[in-house]
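All ligand and atom numbering here is 1-based and tracks the order in the structure.
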Amino acid sequence: MIGRPRAAVAGLPEYKPGRSAAQAAAEHDLAEAIKLASNENANDPLPSVAAAVAEAALGMNRYPDHRCMEVREALAGRHGVGLDQVTVGSGSVGVLQQLFAAYVDPGDEVVYPWRSFEVHPVFCATSAARAVTVPLADHAFDLDGVAAAVTDRTKIVVLSTPNNPTGTVCTTAELLRLLAAVPDDVIVVIDEAYREFVTDPAVADPVEAILPSHPNALVLRTFSKAYGLANLRVGYGVGHPGIIGALDKVALPFIVSGIAQIAALASLVPQAAAELAERVAGILAERDRVNAAMAAQGWPVVPSQANFVYLPVGEGAMDLFVRLERQGLVTRPFEGEGVRISLGTPAQNDRLLAALGTCDPKQ
Ligand SMILES: *Cc1c(COP(=O)(O)O)cnc(C)c1O
């Protein structure tokens, strides 16, 4: 160790990147492998967005607009909210990190269901917050358990819905019930990275159905998944101006690159938005097809509202992960729990189903 890192940092695990497709191919002597591990959009970028990005790259010698005003305006218009109700960050994870920076003091409590998105424990640790986790019930959130875990030390409740990795959602009625039970000085984060893939009619847009009556709710969205801009790091938060103002105060200078801002804007023009929606429809059709095929093969499939599927194979998780990797499919295992598999192109999904067909669901 050099210097004296905080105990909270010394105790954190080092980031271990998942294996890349190229590494997996080399290790197993395969011509090629595919990565179905990060819930990315398997489609190439839209030509119109790629062209806008190429042109914006010529301005890379200049700092971007720190406040991302054009993107904020476009998003405020799209969601029918005030300009002071939107902030833009380095992915929605960046906005969540700003929320921790703005709200969480050492010793404060942060409540979230677990298993869920892996940044939650990391942000708790780096803030020296007390992470209060609530076990999943049948792979979904137990929101009564979450409400019961809130104390007068709780600053934030984080709900990723659809949940990563299980793909389950909270319905609007469930969220409203939770918000009614939680003191109104606790921020309730509705992290909707996979919003565009949700088809459950019991899930309304929380910007319309929840924010007007609950100023302590914050909705997070991202351009990383449905919009296919994972590499560019751009996401946003919608909420009360009081929360947005606090988030803005702790933003790193120029946190969102100008290229990312241009890509977000180019994705929001009506023509591009329509093309992207069509691609999402294709992913949803594949989700139905893959789910049905997996169930027919005998896999325990959790019905997913996202662009990935989750197989809760328990102790068989690492074994299934390795078997799939040997066939050129890199997935995301959770040891002793299950395997999360991102949906790919139809051809990639065919390959996945063929590989799964060679594995035993009962092992
Ligand atoms: C992918 C993901 C995000 C969004 O990440 P970005 O920082 O926007 O790329 C947020 N929440 C969950 C649960 C995710 O899986």
- Query: Under a 4.0 Å N-O cut-off, is there an ion pair linking Glu174 with Arg177?
  - Reply: no
- Provide, to 0.1 Å, the distance between atom 7 (O) of ligand 1 and the closest protein heavy atom, together with that atom's residue and name. Arg233 NH2, 2.7 Å
- Taking only heavy atoms of Gly91 into account, list the atoms of ligand 1 that are under 4.0 Å away from them. 6 (P), 7 (O), 8 (O)
- Among all protein non-hydrogen atoms, which one is nearest to atom 8 (O) of ligand 1, and what is the separation to 0.1 Å? Thr222 OG1, 2.5 Å
- Message: If you define the side chain from C-beta out and look only at heavy atoms, does anything of Leu136 sit under 4.5 Å from Thr168?
- Response: no
- Message: Between His28 and Glu325, does the side chain to side chain donor-acceptor pair (under 3.5 Å) criterion hold? Intermediate values first, please.
- Response: CA-CA 8 Å; His28 301 293; Glu325 200 187 72; 2.8 Å; yes
- Identity and distance of the protein heavy atom lying nearest atom 15 (O) of ligand 1: Tyr194 OH, 2.6 Å
- Task: Answer yes or no: are there more than 12 heavy-atom neighbours, outside Gln327 itself, under 6.0 Å from its atom CD?
- Result: yes
- Task: Give the residue, atom name and distance (to 0.1 Å) of the protein heavy atom nearest atom 4 (C) of ligand 1.
- Result: Ser92 OG, 3.1 Å
- Task: Return yes or no for this condition: an N or O of Asn164 is under 3.5 Å from an N or O of ligand 1.
- Result: yes
- Query: Quick one: does Phe223 get a heavy atom under 4.0 Å from ligand 1?
  - Reply: no
- Note on the structure: Counting from 1 in the order shown, the ligand 1 atoms closer than 4.0 Å to a non-hydrogen atom of Ser224 are 6 (P), 8 (O), 9 (O)
- Could you find the nearest protein heavy atom to atom 14 (C) of ligand 1 and give me its residue, atom name and distance? Lys225 NZ, 3.3 Å
- Task: Decide, yes or no, whether a salt bridge links Glu118 with Arg332 under the criterion of side-chain N to carboxylate O below 4.0 Å.
- Result: yes
- Item | Any N or O of Ser160 closer than 3.5 Å to N or O of ligand 1 | no
- ligand 1 to Asn39 polar contact by distance, N or O atoms, under 3.5 Å: no
- Message: Applying salt bridge (Lys or Arg N to Asp or Glu O under 4.0 Å), can you list everything that pairs with Asp84, at least two apart in sequence or on another chain?
- Response: none
- So the ring-ring contact (aromatic ring centres under 6.0 Å, His included) pairs with at least one residue in residues 38-67 (sequence neighbours excluded) are Tyr63-Phe254, His66-Phe254
- Among protein heavy atoms, which lies nearest atom 11 (N) of ligand 1, and at what distance? Asp191 OD2, 2.8 Å
- Residue portion contacting ligand 1 (non-hydrogen atoms closer than 4.0 Å) for Val93: both
- Item | Ring geometry between Phe308 and Tyr194 (parallel below 30°, tilted from 30 to 60°, perpendicular above 60°) | perpendicular
- Ala193 neighbourhood, listing ligand 1 atoms whose heavy-atom distance to it stays under 4.0 Å: 2 (C), 3 (C), 4 (C), 10 (C), 11 (N), 12 (C), 14 (C)
- Item | Contact summary for Trp299 and Pro361, nearest pair of heavy atoms | CZ3-CA, 3.5 Å
